[in-house]
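Structure, as structure tokens:
FYI, the numbering just counts along the sequence from 1.
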Amino acid sequence: MVKNITVLKGDGIGPEIVTQAIKVLDVVCEKYSHKFNYTEVDIGGCSIDKYGVPITEEGMAKCKAADSVLLGAVGGPKWDNVAPSVRPEKALLAVRSELGLFANLRPTKLFSQLADASPLKPSIVGNGIDLMIVRELTGGIYFGKRRTETVDGEKVATDEMTYSEHEIERIGRVAFESARKRGGRVASVDKANVLDSSRLWRAVMHKLAEEYSDVEYSDILVDNTAMQLIKNPSQFDVIVTENMFGDILSDEASMLTGSIGMMPSASLSEGTLGMYEPIHGSAPDIAGMDIANPIGTIMSAAMMLRYSFDMAEEADAIERAVNKALDDGYRTADIYKDGFKKVGCSEMGTIIASNI
Ligand code: IPM
Ligand code: MG
């Protein structure tokens, strides 16, 4: 198969980690007789420096025209004080919105090889952590109206959080379908004791739960979810929630595995176009030092094969190659401890590629 991939390396460690994912994809192409064409587009701070905007219109058009988009990370302290309208993050939100990437899948799994990297006690993680956060990605407070105005002599700022029935229903369906392929359970997270948008969310989820009666359904308030993730994370299978709750809970959940550098994500549209990226940031403090962990990006590439290209066998091959690298004792600095083999970003990429 021939596929066109738009590559957004971005800022900080973005270029290093994406290079490793492409190294692995190239071996997949060889082994399974595919051809992937890569088109690089600047995004984030590097684009602001070159063009004055975090992504150009041509760049956006190349994302839309691709079969899928692979992203490293954007942002860094250098661009922390640029105008809000051109912040690096703005480009990421624009790509999500313009490509219609409403469903963000964040699988959070404790690699058995790294069980002791979790900050939770063994008695708590003993049952394993394997959950899927399904985050709504193109609605809610991220995309509501914003304004700062002066009222009675002081500044007042407003961010609106809006959800419509169809937005809730389509993300709900992604969650229920995903649960059918996994553990068969959906927990819908909201703040229905306070927010109207959450009350609508819950009502729509309840209708879906009737339709998907084979899936075990529960509602849970977001504050309680934050607590339950620490208290008993293995109770969860699929968690579905709105944009900002999902942003916060997915960071919390990833930390339970002790290794945010390992976690991939997929942002899916109603068609096959998707964007794939590790959930960690651009880590400017270690950029260019060849010590970043490329596994989150490599696992994101595996999700790209699985979800956008329907190449399950190839995706499995990448996941096995990552597990073999860990089984063989290779560790980047973030997951290293005594008795293991410390490798850099590029070497980890080479090892995983050679395991394919
Ligand atoms: C994420 C990030 C982004 C978000 C930022 C960079 C805008 O935190 O993908 O979780 O808030 O969605
Ligand atoms: Mg986040």
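- By the 6.0 Å contact criterion, NZ on K341 is enclosed, its count of non-hydrogen atoms from other residues, nucleotides or ligands being greater than 12.
- Using modelled atom types, no side-chain atom of S188 and backbone atom of M205 make a donor-acceptor pair closer than 3.5 Å.
- L8 has its side chain within reach of V69: a pair of non-hydrogen atoms, C-beta onward, lies under 4.5 Å apart.
- Side-chain atoms of S308 and Y276 form a donor-acceptor pair, as typed in the model, at a separation below 3.5 Å.
- Judged by distance alone, the side chains of D290 and S346 never bring a donor and an acceptor atom under 3.5 Å apart.
- Two rings, from H34 and F309, have their centers 6.0 Å or more apart.
- In this structure, the side chain of S300 does not engage the main chain of P264 through any donor-acceptor pair within 3.5 Å.
- Under a 4.0 Å N-O distance rule, the pair D130/R182 qualifies as a salt bridge.
- The main-chain N or O of M60 is never found under 3.5 Å from a side-chain atom of E57 such that the two would form a donor-acceptor pair.
- A salt bridge links R199 and D196; the closest N-O separation between the charged side-chain nitrogens and carboxylate oxygens is under 4.0 Å.
- Formation of a donor-acceptor pair under 3.5 Å by the D11 side chain with backbone atoms of V74 is not found in this model.
- Classification of R147 and D159 as a salt-bridged pair fails, no side-chain N sitting under 4.0 Å from a carboxylate O.
- A cation-pi geometry, defined here as NZ or CZ lying under 6.0 Å from the six-membered ring centre and within 45° of its normal, does not hold between R202 and Y217.
- Ion pairing of D42 with K9 is absent here, as no side-chain N (NZ or NE/NH1/NH2) approaches a carboxylate O to less than 4.0 Å.
- Looking at R320 and N355, their side chains never bring a donor and an acceptor atom within 3.5 Å of each other.
- E149 has no carboxylate O lying under 4.0 Å from a charged side-chain N of K155, or vice versa, which leaves the two without a salt bridge.
- Taking a 6.0 Å sphere around NZ of K191, one finds it holds more than 12 heavy atoms contributed by other residues, nucleotides or ligands.
- Within the model, atoms CZ of R173 and CD1 of I168 stand 13.0 Å from one another, a figure rounded to the nearest 0.5 Å.
- Side chain of E277 to main chain of I279: no donor-acceptor pair is present (N/O by atom type, distance under 3.5 Å, no hydrogens or angles).
- The neighbour count for K62 NZ, taken as heavy atoms of other residues, nucleotides or ligands under 6.0 Å away, does not exceed 12.
- The closest donor-acceptor contact from the side chain of T19 to the backbone of P15 lies under 3.5 Å.
- The distance from atom OG1 of T6 to atom CD1 of I43, rounded to the nearest 0.5 Å, is 11.0 Å.
- A distance-only check finds no donor-acceptor pair linking the side chain of R135 to the backbone of R106 [under 3.5 Å].
- For the residue pair S164/E167, the side-chain donor-acceptor check at 3.5 Å is satisfied.
- With hydrogens and angles left out, the side-chain atoms of Y142 and D247 include a donor and acceptor closer than 3.5 Å.
- Ring geometry for W201 versus Y163: interplanar angle over 60°, hence perpendicular rather than tilted (30 to 60°).
- Counting only distance, with no hydrogens or angles, the side chain of T241 and the backbone of V189 share a donor-acceptor pair below 3.5 Å.
- Looking at R170 and E270, a side-chain N of the basic residue comes within less than 4.0 Å of a carboxylate O on the acidic one, giving a salt bridge.
- At distances below 3.5 Å, not a single donor-acceptor pair connects side-chain atoms of S68 with backbone N or O atoms of I5.
- We find the CG-CD1 distance between D26 and I356 to be 11.0 Å, quoted to the nearest 0.5 Å.
- Remark: side-chain polar atoms of T150 are not paired, donor with acceptor, to backbone N or O of E154 under 3.5 angstrom.
- Residues meeting the side chain to side chain donor-acceptor pair (under 3.5 Å) test with D310, sequence neighbours left out: none.
- No hydrogens or angles considered: nothing links the side chains of N293 and H280 as a donor-acceptor pair under 3.5 Å.
- Within a 6.0 Å sphere centred on CD of E165, heavy atoms belonging to other residues, nucleotides or ligands number 12 at most.
- Looking at heavy atoms from C-beta onward, L200 lies out of side-chain contact with S197 at the 4.5 angstrom threshold.
- Looking only at atom types and distance, the side chain of E319 has no donor-acceptor partner in the side chain of N323 under 3.5 Å away.
- In summary, the side chains of W79 and D49 do present a donor paired with an acceptor at a separation below 3.5 Å, with no hydrogens or angles considered.
- The neighbour count for E216 CD, taken as heavy atoms of other residues, nucleotides or ligands under 6.0 Å away, does not exceed 12.
- Grouping the Ile, Leu, Val, Met, Phe, Trp and Tyr side chains by contacts below 4.5 angstrom, directly or via other members, places L131 apart from M262.
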Going through the checks in order, is the side chain to side chain contact (heavy atoms under 4.5 Å, CB included) test met by E313 and Y32? CA-CA 9 Å; E313 207 186 313; Y32 294 87; 3.6 Å; yes
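- For K342, there are no side chain to side chain donor-acceptor pair (under 3.5 Å) partners at least two apart in sequence or on another chain.
- For K23 and T350, the side-chain atoms include at least one donor-acceptor pair closer than 3.5 Å.
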